[in-house]
Visitor: 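Before anything else, here's the structure in question.
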Amino acid sequence: MADFSQTRSLFRIPEGVIYLDGNSLGALPLAVPARVGRMIEAEWGQELIRGWNSAGWMVQPRRVGDRIARLIGAAPGTVVMGDTLSIKVYQALAAALSLNSTRRVILSDSGNFPSDLYMAQGLVRMLGDRVALKVVEPEEVEAAIDDSVAVLMLTEVDYRTGRMHDMKALTRKAHSVGALTVWDLAHSAGAVPVDLAGADADFAVGCTYKYLNGGPGAPAFIYVAPRHADIAPPALSGWMGHEAPFAFDLDYRPGGGIERMRIGTPPIIALAALDAALDAWDGVSMQDVRAASIALSELFIAEVEKRCPSLRLASPRDASRRGSQVSFRHPDGYAIMRALIARGVIGDFRAPDALRFGFTPLYIGEADVRGAVDILAEVLDGKLWDRPEYRQKELVT
Ligand SMILES: Cc1ncc(COP(=O)(O)O)c(C=O)c1O
């Protein structure tokens with residue numbers, strides 16, 4: 001098993017905290033504050049507007065995209081950063097629909113993240129109901145892929161349970177009936193090995209604030225397969241995706257390749273934070289991360305099932321069908337999670353009853369898992385969660 005003690009020393013975890021929520025918001029890499037400070041002082045402060053050229057701000061979305069490409073099995077020049085994941089979902093879906101415009105159906109599943117479905121619903125309305133969104137159960141996706149489908153839009157790893165779709169098999173099936181694919185990698189990038197090129201995926205999108213540790217609201221990424229990159233029509237045709245933004249033409253002409261998926265001015269401060277965060281991945285193999293993540297998750301499941309019989313496993317038992325998170329169900333899951341957080345074990349809760357725990361080998365080890373289960377067992381055995389203040393719902397769960 002690879003040794004992650006070196007990467008662990010690159011993160012700040014507050015004293016007394018066991019952090020099992022890197023699947024929601026990654027921990028702070030120690031390199032980030034200094035890098036962001038430098039960017040602000042030396043680049044913004046000294047270079048002012050010249051920074052777009054002298055500090056390379058203009059090419060930052062592509063440069064950082066290339067660093068993420070390595071982690072998701074994509075070739076250099078196929079990934080670009082910017083905007084939020086919801087926007088990238090819209091962009092990818094709109095482009096895929098345009099490339100397959102004789103078909104009517106967007107196929108997705110009920111395990112998809114609601115925002116992806118909401119964005120699809122908005123797009124359907126924009127298109128005057130020329131297309132329709134069909135949502136099936138995750139187990140029914142494969143059978144529902146037929147020649148009416150324009151685009152198969154799925155999140156590879158289910159945000160609630162960690163259940164993982166077989167990207168390669170579903171992409172192959174989609175292509176066999178002439179459908180295109182949009183994969184949401186929010187819970188995959190930095191969590192499990194992803195091979196976009198090997199799976200022959202058409203479009204992919206993802207966020208960088210979870211397993212990639214870019215910080216709250218860090219910019220999203222979009223991948224377009226090289227075969228589509230020069231022909232995919234951008235629905236959100238902003239000036240940064242124009243062939244020549246500084247020609248200030250009145251008419252939009254899409255830029256070459258992945259550049260056309262840029263929209264507006266990139267968030268340079270946030271990109272500096274993400275760029276520094278990605279240093280922690282240098283020299284790290286996703287296969288090693290996967291092996292460590294499975295070992296931690298298996299240990300967690302075994303210990304919880306032994307010591308906390310009132311919790312019911314919501315995630316697939318087969319590790320190969322799971323991402324890097326484990327969920328357990330309990331009717332009082334919310335109060336239990338609040339009691340855990342009050343004792344320094346940080347996971348999160350997803351309605352109606354799922355307690356989620358994320359495993360991030362870069363900064364979480366076996367001692368954390370054992371310590372978390374000790375506290376979880378204590379909270380359940382002593383019914384320590386059964387207090388009115390733990391039932392009070394906060395704005396973010
Ligand atoms: C799978 C998935 N898709 C989309 C989103 C929405 O991302 P954003 O809020 O960055 O637009 C999330 C957020 O957690 C997510 O988990």
Side-chain angles (χ1 to χ4, degrees), residues 20-27 61 64-65 68 71-72 79-94 96 106 108-123 133 135 138 141 151-165 167 170 181-192 194 196 201 203-223 235-236 261 263-264 266-267 270-271 273-274 277 314-315 322-327 346-351 354 356-360 395-397:
L20 302 182
D21 212 9
N23 52 310
S24 216
L25 175 69
V64 174
I68 289 175
L71 300 173
I72 55 174
V79 174
V80 75
M81 311 303 302
D83 320 294
T84 68
L85 174 51
S86 301
I87 300 232
K88 279 356 223 180
V89 167
Y90 189 93
Q91 235 186 342
L93 184 58
I106 302 164
S108 191
D109 73 2
S110 57
N112 208 341
F113 193 77
S115 195
D116 295 30
L117 300 176
Y118 302 160
M119 294 311 277
Q121 288 159 12
L123 185 53
L133 172 65
V135 178
V141 168
V151 185
L152 174 65
M153 178 187 77
L154 293 173
T155 293
E156 187 190 22
V157 175
D158 184 301
Y159 73 104
R160 245 185 310 224
T161 64
R163 180 220 16 88
M164 186 157 57
H165 276 307
M167 180 190 293
L170 291 175
T181 55
V182 173
W183 287 98
D184 182 335
L185 304 179
H187 301 268
S188 307
V192 296
V194 177
L196 286 177
F203 295 84
V205 293
C207 64
T208 58
Y209 44 75
K210 299 179 189 290
Y211 295 90
L212 298 177
N213 313 305
F221 64 84
I222 184 166
Y223 162 85
L236 300 171
M261 291 298 154
I263 302 175
L271 281 167
L274 174 60
S315 301
R322 226 173 37 223
S324 200
Q325 68 171 71
V326 171
S327 303
I346 303 183
D348 63 20
F349 171 81
R350 286 294 173 265
R356 288 198 310 181
F357 302 92
F359 297 94
T360 47
L395 213 50
V396 174
T397 64

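Start at 1 and go down the list; that is how both ligands and their atoms are numbered.
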Visitor: Out of Y209, F113, Y159, who is nearest to atom 7 (O) of ligand 1 when you count heavy atoms only?
Guide: Y209
Visitor: Please report which non-hydrogen protein atom sits nearest to atom 14 (O) of ligand 1, along with the residue it belongs to and the distance in Å to one decimal place.
Guide: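 That would be K210 NZ, 3.0 Å.
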Visitor: If every non-hydrogen atom of P138 is compared with every non-hydrogen atom of G111, which pair is closest and at what distance?
Guide: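 Heavy-atom minimum between the residues: CG-N, 4.1 Å.
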Visitor: Quick one: does ligand 1 sit under 4.0 Å from the side chain of V89, the backbone, both or neither, non-hydrogen atoms only?
Guide: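 Under 4.0 Å from ligand 1, V89 contributes no heavy atoms.
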Visitor: Might you point out which heavy atoms bring N23 and G358 nearest each other, and give the distance in Å?
Guide: OD1-CA, 3.2 Å
Visitor: Tell me, please: is K88 in heavy-atom contact with ligand 1, that is, under 4.0 Å?
Guide: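 No, K88 has no heavy atom closer than 4.0 Å to ligand 1.
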Visitor: Check whether the side chains of H165 and D109 place a donor and an acceptor atom closer than 3.5 Å, and report yes or no.
Guide: yes
Visitor: Using distance alone, with no hydrogens and no angle criterion, decide if S315 and T161 have a side-chain donor and acceptor under 3.5 Å apart.
Guide: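 Looking only at side-chain atoms, T161 and S315 do not form any donor-acceptor pair under 3.5 Å.
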Visitor: Applying the side chain to side chain contact (heavy atoms under 4.5 Å, CB included) criterion to S327, which one of R350, R163, R322, R356 satisfies it?
Guide: R356
Visitor: Considering the heavy atoms of A186, write down every atom of ligand 1 situated less than 4.0 Å from one of them.
Guide: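 Those of ligand 1 that fall under 4.0 Å from A186 are 1 (C), 2 (C), 15 (C), 16 (O).
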Visitor: For C207, which part has a heavy atom under 4.0 Å from ligand 1: side chain, backbone, both, or neither?
Guide: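 Neither part.
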Visitor: What atoms in ligand 1 come closer than 4.0 Å to a heavy atom of T155?
Guide: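 Counting from 1, the qualifying ligand atoms are 1 (C).
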Visitor: In the structure I gave you, are the side-chain heavy atoms of F203 and K88 within less than 4.5 Å of one another anywhere?
Guide: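 Heavy-atom side-chain distance check fails, nothing below 4.5 Å.
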Visitor: Does an N or O from D116, backbone or side chain, lie closer than 3.5 Å to an N or O of ligand 1?
Guide: yes
Visitor: For atom 3 (N) of ligand 1, which protein heavy atom lies nearest, and how many Å away is it?
Guide: D184 OD2, 2.7 Å
Visitor: Which of the atoms of ligand 1 are close to T84, meaning less than 4.0 Å from one of its heavy atoms?
Guide: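 Selected atoms, number and element: 11 (O).
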Visitor: Quick test: of every protein heavy atom, which one is nearest to atom 11 (O) of ligand 1, and how far off is it to 0.1 Å?
Guide: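 Among all protein heavy atoms, the one nearest atom 11 (O) of ligand 1 is S86 OG, 2.6 Å.
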Visitor: For atom 16 (O) of ligand 1, what's the nearest protein heavy atom and its distance?
Guide: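 Here the closest protein heavy atom is H187 NE2, 2.8 Å.
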Visitor: After noting the C-alpha distance and the side-chain angles of V135 and L117, does the key distance pass the side-chain contact (heavy atoms from CB on, under 4.5 Å) rule?
Guide: CA-CA 9 Å; V135 178; L117 300 176; 4.1 Å; yes
Visitor: Between Y159 and P114, what is the shortest heavy-atom contact and its length?
Guide: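 Shortest heavy-atom separation between Y159 and P114 comes out as OH-CD, 3.7 Å.
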